Amino acid sequence: MINNYKIRCEEKDDYYDVENLTREAFFNVYKPGCDEHYVLHKFRNNPDFIKELSLVVCDLDKIIAHIMYCKTKVIDLDNSFKQVLMFGPVSVLPEYQAKGIGSMLINYSLDKAKDLGYKAVAITGNPKFYTKLGFELGFSFNIFYEDINNNDLIPFFLVKELEKDYLSFKKGVLIEPKDYQVDKEEVEKFDLNFPYKEKLKLDTQIFN
């Protein structure tokens, strides 16, 4: 129990509610509609999905937030590699946003990941937010995101060591887990499982 909210592992009976929560959190935020709920759905059958780090936050019996983690790796120039984690989507119901719940859940999950023996986490996200949680830009570790120009400074790709000096690379490339990329037609079909919501094009969206 943290700040009157309970954090626990997601259970099978939670799947639909968590996917709907994820949809509510992201719908029309970055583009018309969203696909984060389908990304989560696909990862459940991915061997790199970490069930122990699929966590929900509950306000009494109501699930109000969720985070998922998966395993991937960073490959060095000599083809050696080290395992790292990635997390996301991180979802908070709109009416519970801007209350520190997302930060609370991320910090809790990072501590749990460390306790489970994992040694580093990589994410893509807002550097203004994630640097406050101890993340650093990937290129400061000589790590770059797969298929992005290595000469570019990539402000949205960040890394955090859970074990000091674990990440040491001449020039490492983080391999993106395949289920982060989804088929648009599959998303449309999957979305029919949820209540209708109108897709809107908004000036604040990154992709429209």
Side-chain angles (χ1 to χ4, degrees), residues 7-23 25-26 34-57 63 65-92 102 105-125 130 135 138 141 143-148 154 156-163 166-169 172-194:
I7 301 178
R8 63 170 174 80
C9 287
E10 179 192 40
E11 300 171 356
K12 190 171 183 178
D13 288 345
D14 300 325
Y15 286 3
Y16 180 85
D17 288 341
V18 171
E19 289 165 3
N20 191 50
L21 150 71
T22 303
R23 183 175 182 257
F26 286 98
C34 69
D35 55 25
E36 284 82 358
H37 57 315
Y38 186 57
V39 169
L40 170 60
H41 179 77
K42 288 195 70 178
F43 261 110
R44 297 192 201 287
N45 295 316
N46 186 319
D48 291 324
F49 179 75
I50 305 173
K51 293 181 179 179
E52 297 88 346
L53 292 174
S54 183
L55 303 170
V56 296
V57 180
I63 297 175
H66 173 261
I67 191 170
M68 63 146 276
Y69 279 74
C70 64
K71 292 177 283 189
T72 188
K73 58 187 176 182
V74 176
I75 301 177
D76 209 343
L77 288 174
D78 60 2
N79 288 322
S80 63
F81 68 89
K82 290 185 177 181
Q83 183 186 81
V84 299
L85 302 184
M86 292 191 74
F87 68 70
V90 183
S91 310
V92 181
L105 178 57
I106 292 168
N107 284 325
Y108 179 93
S109 65
L110 289 171
D111 287 342
K112 184 167 184 178
K114 184 176 181 179
D115 289 343
L116 290 171
Y118 296 107
K119 299 179 180 181
V121 180
I123 54 100
T124 57
Y130 284 106
F135 284 83
F141 292 94
I143 300 173
F144 301 87
Y145 205 84
E146 184 180 23
D147 295 332
I148 295 181
I154 309 170
F156 58 84
F157 173 53
L158 301 102
V159 176
K160 179 181 176 73
E161 289 184 319
L162 302 180
E163 179 181 291
Y166 174 69
L167 298 174
S168 177
F169 295 95
V173 176
L174 181 126
I175 305 303
E176 182 182 66
K178 66 177 183 177
D179 283 334
Y180 276 126
Q181 301 297 324
V182 292
D183 180 85
K184 291 183 180 180
E185 291 185 3
E186 290 181 4
V187 174
E188 293 289 337
K189 183 177 180 180
F190 181 69
D191 207 47
L192 296 175
N193 295 306
F194 301 89

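Only a predicted model underlies this, so the values are computations on that prediction, with no experimental measurement involved.
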Tell me, with the steps shown, if Asp179 and Arg44 meet side-chain contact (heavy atoms from CB on, under 4.5 Å). CA-CA 10 Å; Asp179 283 334; Arg44 297 192 201 287; over 6 Å; no
Nearest 0.5 Å, what's the OH-CD distance between Tyr38 and Glu188? 11.5 Å
Tell me, do Phe141 and Leu174 make a side-chain contact under 4.5 Å, heavy atoms counted? no
Flag the pair Gln83 / Tyr118 as yes when at least one side-chain heavy-atom distance between them is below 4.5 Å, and no otherwise. yes
Inspect the surroundings of NZ in Lys82 and state if more than 12 heavy atoms from other residues, nucleotides or ligands are less than 6.0 Å away. yes
Does Glu161 use its side chain to pair, donor to acceptor, with the backbone of Tyr166 at less than 3.5 Å? yes
Nearest heavy atoms of Val39 and Pro89, plus distance in Å: CG1-CD, 4.5 Å
Is any side-chain heavy atom of Met68 closer than 4.5 Å to one of Val18? no
Would you give the length of the straight line joining atom CG of Leu116 to atom CG of Asp111, rounded to the nearest 0.5 angstrom? 11.0 Å
Less than 4.5 Å apart, side chain to side chain, heavy atoms only: is that true for Ile67 and Ser109? yes
Any side-chain heavy-atom pair from Ile7 and Leu105 closer than 4.5 angstrom? yes
To the nearest 0.5 angstrom, please state how far the OG1 atom of Thr22 sits from the NE2 atom of His41. 12.5 Å
Do other residues, nucleotides or ligands put more than 12 heavy atoms under 6.0 Å from Tyr180 OH? yes
Should we count NZ of Lys112 as having more than 12 external heavy atoms under 6.0 Å? yes
Minimal non-hydrogen separation, Leu162 against Ala113, with atom names: CD1-CB, 4.0 Å
Looking only at heavy atoms, which two atoms of Lys71 and Pro177 are closest? And how far apart? O-CG, 4.5 Å
Please determine whether side-chain contact (heavy atoms from CB on, under 4.5 Å) holds for the pair Asp191 and Arg23, giving the CA-CA distance in whole Å, both sets of side-chain angles, and the decisive distance to 0.1 Å. CA-CA 9 Å; Asp191 207 47; Arg23 183 175 182 257; 2.7 Å; yes
Treating Ser80 as the side-chain partner and Asp76 as the backbone partner, does any N or O pair qualify as donor plus acceptor under 3.5 Å? no
Counting distance only, does the side-chain N/O of Asp17 pair as donor-acceptor with the main-chain N or O of Asp14 below 3.5 Å? no
From Asp48 CG over to Leu85 CG, what is the distance, rounded to the nearest 0.5 angstrom? 10.0 Å
Which residue is it: Val159, Leu158, Leu110, Val84? I am looking for the one with a side-chain contact (heavy atoms from CB on, under 4.5 Å) to Val121. Leu110
Might you point out which heavy atoms bring Cys34 and Val187 nearest each other, and give the distance in Å? O-CG1, 3.7 Å
Please step through side-chain contact (heavy atoms from CB on, under 4.5 Å) for the pair His66 and Leu40, ending with a clear verdict. CA-CA 10 Å; His66 173 261; Leu40 170 60; 3.7 Å; yes
Test item: Asn193 side-chain N/O and Phe190 main-chain N/O as donor-acceptor pair under 3.5 Å: yes
For the side chain of Thr72 and the backbone of Glu176, is there at least one donor-acceptor N/O pair under 3.5 Å apart? no
With the side chain counted from C-beta on, respond yes when Glu10 and Leu55 share a heavy-atom pair under 4.5 Å apart, and no when they do not. no
Does the side chain of Phe87 reach to within under 4.5 Å of the side chain of Leu53, using non-hydrogen atoms? no
For Gly125 versus Tyr130, what's the shortest heavy-atom pair and its separation? CA-CE1, 3.8 Å
Point-to-point distance, once rounded to the nearest 0.5 Å, from CZ of Phe43 to OH of Tyr69: 13.5 Å
Do Glu186 and Lys42 have side-chain heavy atoms sitting under 4.5 Å apart? yes
Give me the atom names and distance for the closest heavy-atom approach of Val92 to Ala65. CG2-CB, 4.0 Å
Say you draw a straight line from OH of Tyr16 to NE2 of His37; how long is it, rounded to the nearest 0.5 Å? 9.5 Å
